[in-house]
Amino acid sequence: MPYESKDDLKVIHIGFDDTDSISGKCTTNLAFKVVSKLTERGVTFIDYPLLVRLNPNIPWKTRGNGAVCIRIRTDSSEQIIEFLLKIIKSESDLVNGANPGLAIFEGESIPFSLRQFSGRAMNDVVKMEEAEKLAVQLSVQIFKYGQGLGIIGALASIGSLLEGDHTYEAIAYRKNEYLGSPRMLDKSKVSKVDINTYPFTFNCYDKIHDRILIAPHGPDPVFCGIRGEDPQIVISTLHEVMPVEKLEGYMVFRTNQGTGMHLQNELSQNEIRTHRAGYVRCTVTKKPVIIRGGHVMFEVSDFSNNQYPVAVYEPTGLGDVASKLLEGDSIDIGVGVSMNTPHRTNILNVEYLSILKIAKEIVNINPLCNKCKKRMKSEGKNKGFQCKICGDKKYSKISVTNIRDIQLGMYLPCSKAHRHLTKPLHRFGMEKNYPHVPNIIKPLHSDWFKRF
Ligand SMILES: [Zn+2]
């Protein structure tokens, strides 16, 4: 190879999203194919491919609402862009309603406005026109297919540096000939690695429901994915559960999965809009009721005294604790806001519940007879109370404080109901950083990408 001076090398950031649909194909698998090709070309990867999960409350999102960003240093950016245009078109599920978008940005550092845009895509609704306008301002090349909605996620993934908390996922892919056939995974192996790697992996296995959580069920090319705290643990755990089926290969993504990133902003009064995500600090104003299906409904008010209905859905497993809340309890709730159509009001759908302060429960009960130590009986409305043994009378009830059957603390949905972004309880306190310093390339794990 001829010697290339460093000046010929350019940093390019490749973002894409919305290449998949319900019936198959998969954005992360496209990323695997892209990286495979880029590896042959000998580019330098300046970060792991990012798998960025965006606001999960967007109804028109693709399955997991995950966008991918690949950051490389290369001397042949033009040929690479040409290749990307071809592969996005051929590997996207356009006929089945995918609306892919591809974004390419050149430069060492990511402009602040792009980072801000990415932040908003985490917890708000971003319009395609905004994405297009920003792309023009920052000279980001964008390419739309279908309706092109994917350019929002494509841009957002480039703007997302995941400098704060992050996790990793090693995703293994199937060979074409196995697509659609059942995934043969050894449940006992998976439950064993789940125990042995705790707390450095998460969502491998659901003990309570005896279910494997690492494998999807659809026809898509993902065989399984191991989520965890660092590249080494996800790679070694993947090797431990490796199936008999011959796989195409695997790749390690750096992700915001399991970080609760979409719920980190506090939603104030004018920010509670349909499809938004965040947390609300509030007081319970209406006692919970359990409705059909086991869902729990109650009402809260925020600091500005706005009242909101709150829903805790049965599958989250949070209904039990939520049903014990009472008026006056102070709570934080991580929520997705949705529209309660018949009432045209917003409803807060709970993703986590943190109980900050438990109100006293005062109940009024009939007085005791001083002599007989027995509870007096009511004589009827406003007629006072009488002891049935000695006939003594009293005229008012007494107030007592009930002991509440509820504890302060953080309550999270059960792992079966976890979304990609849900932060598992044991990850609190395990948050980490990944500072982005332009020009400094952190070495990646030597086995982060493998084709078998
Ligand atoms: Zn008495």
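Here, residue 1 is the first one in the sequence, and each next residue gets the next number. Just follow the structure's listing: the first ligand is 1, and inside any ligand the first atom is 1. Just so it is clear, the structure is predicted and the values come from calculations on it, not from any experiment.
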(request) Keeping waters out of it, list the protein N, O or S atoms under 2.8 Å from the Zn ion (ligand 1). (result)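 Short answer, with waters excluded from the count: Cys369 SG, Cys372 SG, Cys387 SG, Cys390 SG.
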Answer with yes or no whether the side chains of [Y] and [X] bring together a donor and an acceptor at under 3.5 Å.
| X | Y | value |
| --- | --- | --- |
| Thr259 | Arg53 | no |
| Ser268 | Glu271 | yes |
| Asn346 | Thr274 | yes |

(message) Within 45 degrees of the ring normal and closer than 6.0 Å to the centroid, is that where the cationic atom of Lys423 sits relative to Phe428?
(response)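 Yes - Lys423 lies over the ring of Phe428, closer than 6.0 Å to its centre and within 45° of its axis.
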(message) For Asn57 and Arg276: C-alpha separation, side-chain torsions, deciding distance, then whether side-chain hydrogen bond (donor to acceptor under 3.5 Å, both in side chains) applies.
(response) CA-CA 7 Å; Asn57 301 306; Arg276 283 218 64 174; over 6 Å; no
(request) For the residue pair Tyr173 and Val222, establish whether any side-chain heavy-atom pair is separated by less than 4.5 Å. (result)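 In contact.
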